Amino acid sequence: MESFFVVGGRSLRGEVEIDPAKNSLLPILAGCILVKGEVCLENVPKYSDVMAMIKILEHLGGKVKFERGKFSNDNLIIDTRDIVYCDVPNELASCVRSSIFTLGPILGRKKIAKVAYPGGCDIGLRPVDIHISLLKQLGCKVIDKNGYIYGDASKRREGDVMLSFPSVGATENAMMFAVLGHGQVRIFNPAREPEIVDLQNFLNSCGAKISGAGSNLIVIDGVKRLHGCRYRAISDRIEAGTFMIAGAMTGEKVVIKNVIPEHNQALLSKLSKTACKIDVRDDTIIVERGGRLQSFGEVETAVYPGFPTDLQAPMCSLASICEGYSLVIESLFESRYKHIGELLKMNCDIRCKNGVCIIKGRDKIYGAEVSSPDLRGGVCLVLAGLVAEGYTTINNIELIDRGYFRLEDKLTSLGGDIKRIKCEKKVDNCS
Ligand code: UD1
C-alpha cells in the first residue's frame, strides 16, 4: 500500500509536459487486437490501466514490449499477429473498466468471444447494456451469464446502428467491431469525445476506413485486414485540466505544454471566471493564480463538448478555496461524489442535496488523512493537499496511478512538496 504525503502551502512554478491520453491509449490497445502486424505506440506512460490492458493482450496471445524511443516515456511495441485466444477471464477483466473494449475487437477478429464483466473505478453502476445493444444490432448473438458476456458474430451484418445515449466506450466498441467486414456500418448518435477521433485516426493508420468521428454520425466501410502502424495518442485533456486547476489554485506561473487547448474549452471558460490569469498559446497553456480566486459559478458535467465528468472532482477542490458559493452538478455518474466526504475532513464547506453540491469557499482548508475513493476523486485530494495548511496523507493512491503517471514527480518539479510513501497496514486499536 502506498500513500502520498503532501506538505501544503507551496506555490507551483515551472513547466510540465502533458502525457498521451489514458482514455485514448486504452481503446487503441484494444484496437490492436484487430491488427495482424506490429504496432508501435510512441511515448506511452505506464498508467496502471495501460499495464492491465497489456496483460490482457498478452493473455490473448499478443507480444508486447517497451522500447526506449526519443520521448520521455518509452514506446510500446505490440505484435498481435498471433492472437489465438478469444476470452478475457475475470481476474484480468476486473482490474480495469476498459477490458470491456476488447469485446468488439475480439468478436471482429475471432467471431466468438467470452469476456468477463469489467472492473474500474467505483463511480456508479456503469452498465454495459449499450455496448451489448450495438453488437446485437450488428447481428451478434450475445448472452450475458454468470458475470461473463458471450458473443457469437458468425451471423454478423452491416447497416445502421443507433446509441440510446452517446456512451464513449460503447461507441468505441462498435467502431472496432465494424472495422473488419464487407459492407458499411453507420453509427448514429455516437459519443463525440476527442478520444473517439483518436481511435478513428489510429485504426485508419492501420488501414481501416472510418470517417465522421467527432460528429453525430460515424461511417465505417469494412476492410479485410488491418496492418501495423506507428502512432502517438493525443495529449491527455484530463491531465492537462488537472494541472490547469492546480495552476489556478497554487500557481505562481504554471506552464503546461503539449496541450490541445480546443479540448479544454469547457474548463477554460469556467477558469476564466475565477480571476486566475490564463494565457493560451498554440499547444501551451499558462496559468497563474494572481490574487483571491472568485467562484466559477455553476458547473454541470455533460458529454463532450460539455464539461468533463473527469474534472468534476478537481473542480470541487478549486471551489473550496474560491470566494463565494459554487455549484457542482454531476450528471453522468450517480456515485461520483465520494471525494466530498474526504474534502470535508479537510475543513471544506460542502453540502450535497439531490445530486447538487453547494460549495462555499474558505480562506483556509487544513491537511488531514484522507483516502482516494477513485482515480479523479484521488487527484482532487492531492490538489486540496497542495493548498491546505499543514500535512495531508492521501491513502489508496493506486487508484490515482490508473490515470496519472509519476504525478508526484511532475508536481515536485513544479515546486510542490509531495512524496510517495509506503505505508504499513494499520492495526485499529480502539477497543
Ligand atoms: C469513459 C472514460 C471515463 C469518462 C467517461 C465519460 C475511458 C476509458 N473512460 O468511460 O474516463 O468518465 O467516458 O466521459 O474512456 N452507460 C450505460 N450503459 C452502457 C454504457 C454507459 O448506461 O452500456 C452510462 C454510464 O453508466 C454513464 C454514462 O453512460 O452514466 C457514460 O458512460 P460512458 O460514456 O460509457 O463512459 P465510459 O466509456 O465507461
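Indexing begins at 1, ligand by ligand and atom by atom, following the structure's order. Being a predicted model, the structure only gives us computed values, none of them experimental.
- Of all the atoms in ligand 1, the ones that sit under 4.0 Å from a non-hydrogen atom of Arg97 are 39 (O).
- When Arg109, Lys63, Lys36 are each tested for a salt bridge (Lys or Arg N to Asp or Glu O under 4.0 Å) with Asp82, only one passes: Lys63.
- Taking all heavy atoms of Ser98, Gly169, Ala30 into account, the minimum distance to atom 38 (O) of ligand 1 is reached by Gly169.
- Between His131 and Phe101, the ring planes are parallel. Angles under 30° get that label, and only those over 60° would be called perpendicular.
- Residues Tyr231 and Asp198 bring a donor and an acceptor atom of their side chains to less than 3.5 Å of each other.
- When Glu195, Glu193, Arg126, Glu172 are ranked by how near their heavy atoms come to atom 37 (P) of ligand 1, first place goes to Arg126.
- Counting heavy atoms only, Pro127 comes closest to atom 20 (C) of ligand 1 of the residues Pro127, Ala170, Ala302.
- Taking any N or O of Ser167, backbone or side chain, at least one lies under 3.5 Å from an N or O belonging to ligand 1.
- Between Ile130 and ligand 1, an N or O atom pair is found at a separation short of 3.5 Å.
- Both the backbone and the side chain of Asp129 come within contact range of ligand 1, each with a heavy atom under 4.0 Å.
- Because its NZ or CZ atom is both nearer than 6.0 Å to the ring centre of Phe66 and within 45° of the ring axis, Lys46 counts as a cation-pi partner of that residue.
- In summary, the side chains of Thr393 and Glu369 do not present any donor paired with an acceptor at a separation below 3.5 Å, with no hydrogens or angles considered.
- Near Leu332, meaning under 4.0 Å from any of its heavy atoms, are these atoms of ligand 1: 27 (C), 30 (O).
- Residue-level proximity to ligand 1 for Thr309 is carried by the side chain, the only part with a heavy atom below 4.0 angstrom.
- Near Arg336, meaning under 4.0 Å from one of its heavy atoms, ligand 1 places the atoms 12 (O).
- Side chains of Asn73 and Asn43: a donor on one and an acceptor on the other come within 3.5 Å.
- Between the side chains of Gln265 and Ser269, no donor-acceptor pair of N or O atoms lies under 3.5 Å.
- Each of the atoms 28 (C), 29 (O), 31 (C) of ligand 1 lies under 4.0 Å from some heavy atom of Phe165.
- Nearest-residue assignment for atom 33 (P) of ligand 1 (options Val168, Val96, Asp49; heavy-atom criterion): Val168.
- Tested against Gln312 for a side-chain hydrogen bond (donor to acceptor under 3.5 Å, both in side chains), the candidates Glu330, Glu300, Arg336 yield a single pass: Glu330.
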